[in-house]
Peer 1: 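Next up is a structure, given as structure tokens.
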Amino acid sequence: MALQIREEFPFVVLTLCSADHRNLLTVETMQELCGALEQYACESRCEAVILAGNEEYFCFGGDLGNPSERTGQGIAAFSAALCAVHRAIASFPKITIAAVAGKTGGGGVSLVDACDLAVARKEASFEFPELHNGSAPMISFMGVRNSLPKKLCYEMMLAKPVPAERFLELGMINQIVPSGDVVAAAMEHWKSIPPCNLKAIALCKQYYMATQGMDYAQQLETGRHYLTSLLFGI
């Protein structure tokens, strides 16, 4: 298995741990991630899920296998799994925190973007290396393009790494950890936030995703419905 699960309630730590240590996303790994998120969405002891990698890599993108052995069916399965794992993170009713200790590339960058919060070591870096492999970032680029300036997006598309300090400036991560255990730092970051109503958190996340691209009047009307749902449920 390329995913280790550690329960330290109120946290659950999901650690990517592939044999090559780059923690590339395979269909199986993404299915495991989706399964874990589904499981802990219903676990009352879990308040937050922390997604981590090893010391050198967080996740360096996707693993589509040997180019000479790829099939249309395999590529379709991979892209479907990548979309599914992003939807699972976005719809997870509790907080998700990316704990980034090292290099992050391609789909790994989009995982950081998909998580609600992110903590990174100062030596962490973020890039889209696909052009070096004769490919290009597509699905993994979609969330990031909504969060980053156009010029930086194009630099990243040209495979230029971006340091953690720049990602902090742009609001892509919440905190830089000078040294030490980045997972422990992610836990402390969550503990520094005042206690929250978990149902309210889930509805806020739904509202944020549902109102992207709406005009102001539509956002207000949608917010009214979400507020009514929350207050009737308390």
Side-chain angles (χ1 to χ4, degrees), residues 10 30 33-34 36-38 40-44 46-51 79-98 100 104 106-120 126 128 136-157 162 164-176 186 189-234:
M30 290 186 283
L33 274 170
C34 288
L37 291 169
E38 182 178 0
Y40 289 105
C42 303
E43 171 54 73
S44 60
C46 173
E47 294 182 5
V49 162
I50 298 173
L51 182 60
S79 60
L82 187 60
C83 289
V85 79
H86 281 78
R87 285 194 296 266
I89 294 172
S91 63
F92 188 67
K94 302 164 187 180
I95 289 296
T96 55
I97 309 172
V100 185
T104 304
V109 179
S110 67
L111 288 182
V112 175
D113 177 67
C115 287
D116 304 316
L117 304 171
V119 173
F126 305 84
F128 288 107
M138 294 297 177
I139 296 174
S140 61
F141 188 61
M142 289 303 98
V144 175
R145 74 170 305 277
N146 294 323
S147 304
L148 294 176
K150 175 184 174 182
K151 297 293 190 293
L152 183 59
C153 284
Y154 273 75
E155 275 197 12
M156 292 187 72
M157 279 197 292
V162 178
E165 290 86 354
R166 182 67 171 135
F167 256 40
L168 178 65
E169 292 172 1
L170 293 165
M172 288 291 289
I173 57 178
N174 301 92
Q175 179 184 357
I176 289 180
H189 188 80
W190 172 242
K191 290 176 183 177
S192 72
I193 298 171
C196 305
N197 180 315
L198 291 181
K199 182 176 180 182
I201 289 175
L203 284 172
C204 282
K205 290 179 62 173
Q206 290 176 27
Y207 173 73
Y208 182 85
M209 296 301 296
T211 56
Q212 283 187 320
M214 289 184 178
D215 63 31
Y216 186 58
Q218 291 173 317
Q219 290 176 344
L220 287 174
E221 185 63 20
T222 304
R224 183 173 69 85
H225 288 297
Y226 274 94
L227 179 62
T228 301
S229 298
L230 173 62
L231 295 180
F232 269 111
I234 293 178

Peer 1: With a cut-off of 6.0 Å (strictly less than), are more than 12 heavy atoms of other residues, nucleotides or ligands near CD of Glu38?
Peer 2: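 Not more than 12 within 6.0 Å, no.
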Peer 1: Heavy-atom distance under 4.5 Å between the side chains of Val112 and Val100, does that happen here?
Peer 2: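 The answer is yes; the side chains approach within 4.5 Å.
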Peer 1: In chain order, what residues pass the ring-ring contact (aromatic ring centres under 6.0 Å, His included) check against Tyr226, with sequence neighbours excluded?
Peer 2: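 Tyr226 satisfies ring-ring contact (aromatic ring centres under 6.0 Å, His included) with Tyr207 only.
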Peer 1: Donor-acceptor pairs under 3.5 angstrom involving side-chain atoms of residues 142-152: please list them, not counting sequence neighbours.
Peer 2:
unit_1, atom_1, unit_2, atom_2, d
Asn146, ND2, Met142, O, 3.4
Ser147, OG, Asp113, OD1, 3.1

Peer 1: Which atoms form the tightest heavy-atom contact between Gln175 and Leu168, and what is the distance?
Peer 2: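 Closest approach of Gln175 to Leu168, heavy atoms only: N-CD1, 3.9 Å.
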Peer 1: What pairs with Gln206 under side-chain hydrogen bond (donor to acceptor under 3.5 Å, both in side chains), at least two apart in sequence or on another chain?
Peer 2: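 Residues passing side-chain hydrogen bond (donor to acceptor under 3.5 Å, both in side chains) with Gln206: none at all.
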Peer 1: Going by heavy atoms in the side chains, are Leu117 and Ile193 under 4.5 Å from each other?
Peer 2: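 Yes, side chains in contact.
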Peer 1: Partners of Glu221 by salt bridge (charged side-chain N to carboxylate O under 4.0 Å, His left out), sequence neighbours excluded?
Peer 2: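 Partners of Glu221 by the salt bridge (charged side-chain N to carboxylate O under 4.0 Å, His left out) criterion, ordered by chain and then number, come out as Arg224.
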Peer 1: Within the distance-only criterion (no hydrogens, no angle test), does the side chain of Ser192 pair as donor or acceptor with the backbone N or O of His189 below 3.5 angstrom?
Peer 2: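 Answer holds: yes.
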Peer 1: For residues His225 and Thr228, determine if any side-chain heavy atom of one lies less than 4.5 Å from a side-chain heavy atom of the other.
Peer 2: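 In short, these two side chains do not touch, never coming nearer than 4.5 Å.
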Peer 1: For residues Phe126 and Ala120, report the shortest heavy-atom separation together with the two atoms involved.
Peer 2: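 Of all heavy-atom pairs spanning Phe126 and Ala120, the closest is CZ-CB, 4.4 Å.
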Peer 1: Mind listing the side-chain donor-acceptor pairs of residues 89-98 below 3.5 Å, one per line with the distance, residues two or more places apart or on another chain?
Peer 2:
unit_1, atom_1, unit_2, atom_2, d
Ser91, OG, Arg87, O, 2.7
Lys94, NZ, Tyr40, O, 3.0
Lys94, NZ, Ala41, O, 3.4
Lys94, NZ, Glu43, O, 2.5
Lys94, NZ, Cys46, O, 3.0
Thr96, OG1, Asp116, N, 3.0
Thr96, OG1, Asp116, OD2, 3.2

Peer 1: Measure across Ser110 and Gly107 and return the closest heavy-atom pair with its distance rounded to 0.1 Å.
Peer 2: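 Answer, listing the atom of Ser110 first, then Gly107: OG-O, 2.7 Å.
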Peer 1: How close do Ile173 and Ala164 get, counting heavy atoms only, and between which atoms?
Peer 2: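 Looking at all heavy atoms of both residues, the closest pair is CD1-O, 3.4 Å.
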Peer 1: Just jot down the side chain to side chain contact (heavy atoms under 4.5 Å, CB included) partners of Gln212, sequence neighbours excluded, or say none.
Peer 2: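 Listed in chain order: Tyr208, Met209.
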